[in-house]
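These notes concern the structure reproduced below.
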Amino acid sequence: MTNIIDTPSVEGVDNAEVALMLRQLEQVPGEYIRMLGDVSEEELVWQPFEAGHSIAALLVHIAEVEAFWLHHVGCSEPYQDIEDEALGAEIDQGNVRWPIPPPGRPLSYYLELLNATRARTKELLATGEGLDVSAIREDGRSFTMRWLLTHVILHSSYHWGQTVLLLLQQRKAQG
């Protein structure tokens, strides 16, 4: 008998496609959290260059993007500026301006922020409503929930990979 490895869907979500995509989104951080292991507060805020990425800022940004695209754009919730609330400043990726996160916050703070965002995502998408309904942004572009979920999965995976790279860079630079 062959062992089949599969991605199970999220229980309690009515739409099977949404449930599967939510599980994929949930699986992304697990691998990277294990890779990061025990990260000090100093390592969380280290930046390889002035205004560069930090692990902490990336984690806040991951939560911000999920909330923006899935909660605000996809489900029409009021916009919540998670970056400004957690970092005291907006991240400007295009111009490589990442604020220095406030010191004194352990990894658990950032993981709780991500978990709260994910819990709200699951709550909003539990019925599966809107999967094929276009969410329209103020600039006139419209998106299906399928596209929004795919975008957030890819974005999250990209930045989680950066967190591991930053930790390796920092530890190599520190000797």
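Between the CG atom of L107 and the CD1 atom of I55 there is a distance of 8.5 Å, given to the nearest 0.5 Å. Atom-to-atom distance recorded for L167:CG and E43:CD is 5.0 Å, nearest 0.5 angstrom. Distance CG/L165 to CD/Q170: 12.0 Å, rounded to 0.5 Å. Considering CG of L59 and NE2 of H159, their distance stands at 10.5 Å, rounded to 0.5 Å. To the nearest 0.5 Å, atoms OG1 (T144) and CG (L149) are separated by 8.5 Å. Atom CG of L20 and atom CD of Q24 lie 4.5 Å apart (nearest 0.5 Å).
In the displayed structure, I100 atom CD1 is contacted under 6.0 Å by at most 12 heavy atoms of other residues, nucleotides or ligands. Environment of CD in E50: sparse, with no more than 12 heavy atoms of neighbouring residues, nucleotides or ligands closer than 6.0 Å.
Closest non-hydrogen pair, E90 versus P99, comes out as O-CD, 3.9 Å. Summarising the geometry of A86 relative to L113, their closest heavy-atom pair is CB-CD2, 4.3 Å, with the distance given to 0.1 Å. When all heavy atoms are compared, the tightest approach of P106 to L44 is C-CD1, 3.7 Å. Contact between A67 and I82 at its shortest, heavy atoms only, is CB-CD1, 3.6 Å. Smallest separation of non-hydrogen atoms from Y109 and R105: OH-NH1, 3.3 Å. The two residues A57 and S54 have their closest heavy-atom pair at N-OG, 3.0 Å.
Between H155 and W69, the gap from one ring centroid to the other reaches at least 6.0 Å.
With a 4.5 Å cut-off on side-chain heavy atoms, D81 and E64 count as touching. Side chains of Q169 and W46 form a contact here, defined as non-hydrogen atoms less than 4.5 Å apart. At least one side-chain heavy atom of P48 sits under 4.5 Å from a side-chain heavy atom of L166. The side-chain heavy atoms of V18 and L22, taken from C-beta on, include a pair separated by under 4.5 Å. Looking only at side-chain heavy atoms (C-beta outward), T121 and L125 come within less than 4.5 Å of each other. Residues L114 and L111 form a side-chain contact, since some pair of their non-hydrogen atoms from C-beta on lies under 4.5 Å apart. Here the side chains of W98 and L58 are in contact, with some heavy-atom distance below 4.5 Å.
Ring geometry for H151 versus W147: interplanar angle under 30°, hence parallel rather than tilted (30 to 60°).
A salt bridge does not link E26 to R118: none of the charged nitrogens lies less than 4.0 Å from a carboxylate oxygen.
The main-chain N or O of G52 is found under 3.5 Å from a side-chain atom of Q47 such that the two form a donor-acceptor pair.
Donor-acceptor pairing under 3.5 Å is recorded for the side chains of H61 and E83.
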Candidate pair V96 and F49, rule side chain to side chain contact (heavy atoms under 4.5 Å, CB included), full reasoning:
CA-CA 10 Å; V96 192; F49 53 89; 3.6 Å; yes
Worked verdict on S156 versus E66 for side chain to side chain donor-acceptor pair (under 3.5 Å):
CA-CA 8 Å; S156 176; E66 181 172 333; over 6 Å; no
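When the side-chain contact (heavy atoms from CB on, under 4.5 Å) test is applied to E77, the partners found at least two apart in sequence or on another chain are H71, R120, L124. The side-chain contact (heavy atoms from CB on, under 4.5 Å) check on Y32 picks up V28, M35, S157, W160, V164, with sequence neighbours excluded. Listed by chain and residue number, N95, R97 satisfy the side-chain contact (heavy atoms from CB on, under 4.5 Å) test with D92 (two or more places apart in sequence, or in another chain).
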